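A short worksheet on the structure shown next.
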Amino acid sequence: MSLDILVNNLFNPTILFFFLGLFAVWIRSDLAIPSQVSKFLSYYLLFCIGLKGGAELSHSGLSAHIFIVLAIAVGMAVMVPLYSFFILRRRFNLFDSAAIAATYGSISAVTFITAINFLQDNAVPFGGYMVAAMALMEAPAIIVGLVLANLYKQNEKQPGPEAEEGPPSIRMVVQEAIANGSVVLIMGSFVIGILSSEKSVATLAPFTQDIFKGMLAFFLLDMGLLAGRRLSALRQTSGFAIRFAVLVPLANAAVVISLAYLLHIDKGDALLLTVLCASASYIAVPAAMRISLPKANAGLYVPMSLALTFPFNIVLGIPLYYFILNQILS
Amino acid sequence: MSLDILVNNLFNPTILFFFLGLFAVWIRSDLAIPSQVSKFLSYYLLFCIGLKGGAELSHSGLSAHIFIVLAIAVGMAVMVPLYSFFILRRRFNLFDSAAIAATYGSISAVTFITAINFLQDNAVPFGGYMVAAMALMEAPAIIVGLVLANLYKQNEKQPGPEAEEGPPSIRMVVQEAIANGSVVLIMGSFVIGILSSEKSVATLAPFTQDIFKGMLAFFLLDMGLLAGRRLSALRQTSGFAIRFAVLVPLANAAVVISLAYLLHIDKGDALLLTVLCASASYIAVPAAMRISLPKANAGLYVPMSLALTFPFNIVLGIPLYYFILNQILS
Amino acid sequence: MSLDILVNNLFNPTILFFFLGLFAVWIRSDLAIPSQVSKFLSYYLLFCIGLKGGAELSHSGLSAHIFIVLAIAVGMAVMVPLYSFFILRRRFNLFDSAAIAATYGSISAVTFITAINFLQDNAVPFGGYMVAAMALMEAPAIIVGLVLANLYKQNEKQPGPEAEEGPPSIRMVVQEAIANGSVVLIMGSFVIGILSSEKSVATLAPFTQDIFKGMLAFFLLDMGLLAGRRLSALRQTSGFAIRFAVLVPLANAAVVISLAYLLHIDKGDALLLTVLCASASYIAVPAAMRISLPKANAGLYVPMSLALTFPFNIVLGIPLYYFILNQILS
Amino acid sequence: MQAYKKIEVIIPKLESKRLIALLQRNGIKGYSYWGGIRGSGDRGLQDGEGLSEAFVNAYFVVACSEEDFNRIKEKLRVFLSDAGGVCMISDVDWLIH
Amino acid sequence: MQAYKKIEVIIPKLESKRLIALLQRNGIKGYSYWGGIRGSGDRGLQDGEGLSEAFVNAYFVVACSEEDFNRIKEKLRVFLSDAGGVCMISDVDWLIH
Amino acid sequence: MQAYKKIEVIIPKLESKRLIALLQRNGIKGYSYWGGIRGSGDRGLQDGEGLSEAFVNAYFVVACSEEDFNRIKEKLRVFLSDAGGVCMISDVDWLIH
Ligand SMILES: Nc1ncnc2c1ncn2[C@@H]1O[C@H](COP(=O)(O)O)[C@@H](O)[C@H]1O
Ligand SMILES: Nc1ncnc2c1ncn2[C@@H]1O[C@H](COP(=O)(O)O)[C@@H](O)[C@H]1O
Ligand SMILES: Nc1ncnc2c1ncn2[C@@H]1O[C@H](COP(=O)(O)O)[C@@H](O)[C@H]1O
Ligand code: NA
Ligand code: NA
Ligand code: NA
């Protein structure tokens with residue numbers, strides 16, 4: 001049965017379109033989704049997922065169980081960058097370590113959405129509030145990363161009287177991360193899903209549900225193209241970075257799966273939580289790091305998360321985590 | 001019952017997405033719909049509304065009633081800028097007065113589309129020819145505004161022998177306004193809706209109708225972002241401008257509602273006509289004014305129409321006008 | 001019955017939107033589909049057609065018949081530029097002749113898609129493998145055109161020691177043509193259509209089929225705008241170019257129709273094959289020629305294919321070819 | 001290499017057509033331009049937002065002979081005083097090929 | 001025509017807000033900028049790809065008096081040493097209208 | 001500040017890859033470019049329309065030492081005579097940070 005899940009996932013058209021993107025880069029095709037369209041597609045996916053999550057939550061109501069899951073989510077978003085940082089410091093400089101730590105502590109919305117798609121294909125229910133878990137996990141890792149970088153920073157030339165031209169404050173960076181477009185859109189849609197009547201959300205379904213899978217396939221094609229273009233940057237990278245990009249997500253997944261087992265979290269919610277913790281950011285965190293840690297090498301942390309961890313999760317990780325959860329949760 | 005309509009309108013996801021846009025600007029989020037996507041969304045809405053209007057007209061045929069409505073539409077498009085101009089001259093300079101007058105005499109297609117959406121939600125029928133009314137109202141106000149500006153303009157340095165480098169002629173500006181993309185697209189789709197067979201229009205329905213509401217919600221999110229960004233420009237503005245932006249639409253609405261009562265116009269058509277007259281342009285007219293009256297302050301007339309009159313109409317105006325029309329028309 | 005087909009095709013909303021585009025240019029409207037959206041629409045169409053073709057092929061399986069059709073496709077893609085070149089040389093210089101020959105030997109994906117839409121409207125079945133025929137026909141004509149240009153080129157200043165700054169090699173150009181985005185996307189989707197389960201392709205149908213016609217109508221509006229803008233370039237062109245743009249497609253169509261008759265090709269497949277051979281490229285080939293034959297006049301071969309042959313085919317050609325095929329194939 | 005004048009003009013995007021017409025009327029055959037320019041000047045902030053292109057500029061670059069420049073200089077001035085915007089002139093060498 | 005300094009700055013697009021703030025704080029009212037700049041420099045390749053704008057630059061053009069330039073020169077230097085990028089200074093004539 | 005040569009090149013966008021390769025082959029590590037350039041020149045109007053990028057240009061800016069410039073000058077000329085386009089050279093000061 002294990003293999004079944006994996007093969008089904010592999011021969012899912014959405015995943016195949018991701019490979020098509022990789023392939024197109026490999027043969028040096030000029031295939032490229034225009035950047036504005038690609039941004040629209042990502043906003044579309046967040047819009048739909050948020051709305052659906054909100055509508056479902058307003059349906060099911062709150063429970064103690066929800067708060068446990070949210071607490072795990074935030075806890076992991078703080079712990080992962082902390083322990084990652086100390087692993088990374090053994091090989092990388094301060095700035096790269098902090099940036100990679102933040103990257104892996106934060107989450108990938110696209111991986112999350114792909115996991116939701118996987119659950120729907122397998123008719124496994126999950127809680128709408130998982131959308132909130134995702135949004136809560138975006139920022140903490142950035143804060144942890146920046147605080148670590150500042151704590152350990154030494155010999156840095158102090159900005160003189162022109163301080164206002166110097167680097168932006170942590171507060172500013174964190175504020176920007178919290179108000180970043182993706183978070184605002186998914187949380188906003190989530191709240192709108194809660195506030196709107198069931199009937200009015202239903203009238204949006206042809207847009208938010210019927211064409212969703214096609215839009216996701218198209219977007220994963222774009223992600224394949226992006227990941228492919230970033231792959232080449234990994235050639236100069238140490239094997240350490242590559243191992244980190246696969247093993248740390250697996251370790252994080254193991255932690256969450258254990259917690260899910262101990263705390264009797266539902267299968268669907270547990271998978272999504274696992275995927276969130278195992279995924280790494282390649283949109284919000286790089287944008288924040290580019291400004292706040294400009295000396296960190298974006299040619300390192302972006303390819304690690306986008307060209308390694310992301311494909312690993314959507315191709316192997318999701319079916320694997322699900323297989324295990326399926327075995328251990330009745 | 002009045003409150004019901006208002007509350008239903010407020011908790012409509014499409015309207016809520018408008019507020020989400022305002023909110024995102026308020027917290028300084030970087031959420032932004034890419035400009036080309038936003039243009040596509042606006043074209044999509046015009047495409048659908050035009051096609052639907054044409055198909056319905058070819059269904060229902062012409063009647064005397066139609067010509068009365070069209071006559072009111074054009075009449076108001078001429079009268080509104082005239083009387084607005086003289087009110088405005090008491091506080092603003094010539095150029096600003098002419099530009100604001102043109103702005104309020106012309107119409108907002110998005111407000112119109114939102115009103116159509118409102119009617120459909122409330123299952124109120126309306127005539128397909130209202131699309132033609134909308135298109136007819138776009139240009140007259142621009143002409144009136146420019147003629148007024150030229151009549152009252154004095155002491156203007158006359159362009160010398162290099163006249164061809166000077167400002168463009170009224171004729172040119174008006175011609176451009178009539179051929180502006182939005183008008184051509186909605187009227188073109190309208191005519192195509194008339195010419196096409198019922199069956200072939202029906203095959204387009206998944207695109208033009210099923211996903212319409214979702215696209216509108218997305219577009220209103222964008223309008224919220226735009227309106228929010230323009231709101232700050234109003235801080236330096238006089239209270240006079242703000243009062244004008246709310247009271248003149250109300251006055252225009254009152255006139256149209258009275259005419260609808262006297263002339264027994266159907267409820268749906270009456271609402272759309274009211275909304276057209278109460279709305280103000282923030283796409284076509286600013287583009288025309290930027291060229292023909294470059295000395296008018298675009299930081300004044302755009303925020304007035306986009307950040308005040310537009311939200312006023314879609315949030316309060318539409319349900320209010322409908323409530324009144326519903327009371328007085330049997 | 002002939003006229004019926006023609007009139008139905010003319011009053012098809014998708015074709016009417018093409019005319020709306022032409023009309024908008026004629027009245028100098030500023031209506032313009034943003035370039036990134038236009039690219040997305042073209043990718044969307046290729047995505048859908050490829051997927052559908054693959055899914056159908058995996059359904060029907062291979063047959064000898066298929067190889068005959070593919071052989072004709074490739075054969076025509078080689079022959080057409082050869083004989084076109086010698087016709088063209090009587091009036092045009094070497095570079096223009098080679099570029100126009102390549103243009104007419106290659107194919108127009110949009111014409112092909114419009115023909116598929118036509119078949120669906122008329123409930124005529126066709127083979128999914130035709131997508132492969134289309135993809136196979138894209139590149140050969142480019143090779144033939146470039147080889148001809150090089151064979152006949154004389155007195156060209158030979159690049160000296162700085163050869164690497166000189167013009168790109170044929171090999172490079174052909175490789176780019178084969179890996180061009182449109183070919184990769186349609187062939188990739190085709191393969192994904194073959195690999196995916198029937199069920200999973202079905203879940204994409206709301207995106208790939210239901211809204212297809214609307215997206216096509218929108219895209220043809222854009223093509224109308226493009227064709228209209230290129231039309232003016234034809235004013236300076238000789239009558240020879242204009243005759244070529246209509247007569248050569250007709251000649252190619254006659255050849256294919258004869259072959260279809262002799263070889264008993266199915267009506268649907270025969271129409272698509274005819275349309276492929278009668279159509280001319282205005283996306284892939286111009287991009288290749290701009291680099292490899294920069295001295296050829298892009299203001300000549302693009303308007304010929306886009307502003308003459310393309311409208312001729314979608315408005316008159318498709319129904320005409322179908323009418324004839326319908327008569328001669330039982 | 002040959003000495004040329006480089007003219008850079010930043011104007012409201014909606015005025016582009018008129019500037020191109022001016023250049024063509026005066027025999028200037030070579031020019032380049034692009035849109036999407038945001039900025040700030042005497043007429044306030046142009047933030048590039050909105051559906052109407054009313055708040056966005058275009059950037060023109062024209063390389064021409066000193067002669068050509070002297071011929072259009074005055075006309076450019078009249079145009080700019082109506083349309084608004086900025087015009088910068090500098091010297092460049094043209095790499096002839 | 002009047003002599004001006006033309007300042008051209010190429011920086012990561014995400015730093016645009018901070019540069020604009022710097023200009024405004026120092027009384028520079030006229031500036032233009034646009035995004036979508038790809039390129040390469042000390043900090044590697046900026047290929048314009050990705051959803052985050054982390055790999056794309058912006059181009060700023062500021063025409064100002066020599067005085068203005070001297071006032072902000074040092075502050076620009078501090079800003080650039082943090083944000084990265086390039087700053088080119090040249091002389092232009094401003095066509096007054 | 002340090003004296004540099006500023007090279008500005010306008011070429012068909014489809015030729016960008018080849019120009020970048022030329023720069024890299026010749027050890028020029030710093031450059032910037034962007035697309036979407038419309039314009040007119042010897043090879044007619046480039047109106048930016050169409051799906052193929054056949055009618056749109058790219059703009060390159062390279063700041064380099066005089067030495068670097070002299071090294072690539074001749075190669076640029078050969079490249080441009082094949083690809084078409086325009087190349088302008090001027091002097092700038094580089095604000096070192
Ligand atoms: N000093 C300047 N330096 C660079 N760009 C400027 C300058 N002044 C104005 N601009 C640009 O020119 C546009 C129009 O200027 P204005 O007509 O002065 O508002 C502005 O929106 C800016 O994009
Ligand atoms: N010599 C140069 N000429 C032109 N643009 C440059 C040059 N050096 C750097 N740039 C641009 O400035 C950006 C940032 O430079 P850097 O901080 O050196 O990586 C690069 O991505 C390029 O777009
Ligand atoms: N004198 C000029 N000034 C500015 N841009 C030019 C000039 N000449 C040509 N260009 C640009 O360079 C492109 C190619 O030029 P050409 O190869 O001469 O057609 C044109 O499409 C313009 O964008
Ligand atoms: Na994570
Ligand atoms: Na009005
Ligand atoms: Na052909």
Side-chain angles (χ1 to χ4, degrees), chain A residues 4 7-45 48 117-118 120-123 204-222 224-225 228-229, chain C residues 33-48 50-52 54-55 58 138 172-173 175-212 214-215 283-284 287-288 291:
Chain A
D4 252 37
V7 169
N8 277 343
N9 189 51
L10 262 175
F11 285 86
N12 192 316
T14 47
I15 302 296
L16 289 172
F17 274 104
F18 179 80
F19 284 111
L20 177 57
L22 291 180
F23 174 77
V25 174
W26 187 60
I27 62 167
R28 290 159 189 268
S29 170
D30 64 350
L31 183 63
I33 310 299
S35 62
Q36 297 200 1
V37 170
S38 145
K39 194 158 197 180
F40 169 64
L41 292 174
S42 82
Y43 280 169
Y44 165 84
L45 298 174
C48 299
N117 194 42
F118 176 89
Q120 286 173 338
D121 281 354
N122 292 281
L204 291 170
F207 182 73
T208 57
Q209 287 181 32
D210 299 353
I211 64 172
F212 182 85
K213 220 181 254 292
M215 298 284 265
L216 178 60
F218 219 97
F219 186 66
L220 283 182
L221 169 63
D222 189 29
L225 290 165
R229 283 188 215 116
Chain C
I33 311 298
S35 61
Q36 298 200 359
V37 171
S38 146
K39 194 157 198 181
F40 169 64
L41 292 174
S42 80
Y43 280 168
Y44 165 84
L45 297 175
L46 297 167
F47 177 102
C48 299
L51 209 57
K52 198 173 146 58
S58 86
E138 189 100 54
M172 253 180 68
V173 174
Q175 189 178 312
E176 289 200 353
I178 290 174
N180 103 56
S182 306
V183 173
V184 170
L185 182 51
I186 198 167
M187 279 310 292
S189 307
F190 181 69
V191 171
I192 291 174
I194 295 177
L195 294 178
S196 304
S197 72
E198 211 173 322
K199 199 192 110 204
S200 66
V201 172
T203 63
L204 292 170
F207 182 72
T208 57
Q209 287 181 30
D210 299 354
I211 64 172
F212 182 85
M215 298 284 267
I283 304 181
I291 295 185

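None of these values were measured; they are calculated from a predicted model. Sequence lines set the chain letters: A, B, ... in the order given, protein chains first and strands last, and positions in each chain run from 1.
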Exercise for the section: Heavy atoms only, distances under 4.5 angstrom: which of A/A32, A/A24, A/A217 has the most pairs with chain C? Name it, please. Expected result: A/A32
Practice task
Let me know if A/F19 has heavy atoms under 4.5 Å from chain C in its side chain, its backbone, both or neither.
Solution key: neither
Practice task
Go through the atoms of A/L10 and report whether side chain, backbone, both or neither lie under 4.5 Å from a heavy atom of chain C.
Solution key: neither
Handout entry: Sub-4.5 Å side-chain heavy-atom contact between C/F207 and A/L216
Key = no
Exercise for the section: Flag the one option from A/S35, A/G21, A/P206, A/P13 with the top tally of heavy-atom pairs under 4.5 Å to chain C. Expected result: A/P13
Fill in the blank from the handout: Taking every heavy atom of C/Q36 against every heavy atom of A/V37, the minimum-distance pair comes out as O-CG2, 3.6 Å
Problem - Shortest non-hydrogen separation from A/D30 to C/Y43 and the atoms involved - result: O-OH, 4.3 Å
Handout entry: Nearest-0.5 Å distance that lies between atom CZ in C/F40 and atom CG in A/L41
Key = 5.5 Å
Exercise for the section: Give, as side chain, backbone, both or neither, the part of A/S38 having an atom under 4.5 angstrom from any heavy atom of chain C. Expected result: neither
Handout entry: Contacting region of A/I27 [heavy-atom separation from chain C under 4.5 Å]
Key = both
Side-chain donor-acceptor pairs under 3.5 Å in residues 177-197 of chain C, sequence neighbours left out?
residue : atom : partner : partner atom : Å
C/N180  : OD1  : C/S182  : N            : 2.9
C/N180  : ND2  : C/A177  : O            : 3.1
C/S189  : OG   : C/L185  : O            : 2.7
C/S196  : OG   : C/I192  : O            : 2.8
C/S197  : OG   : C/S200  : N            : 3.1
C/S197  : OG   : C/S200  : OG           : 3.1

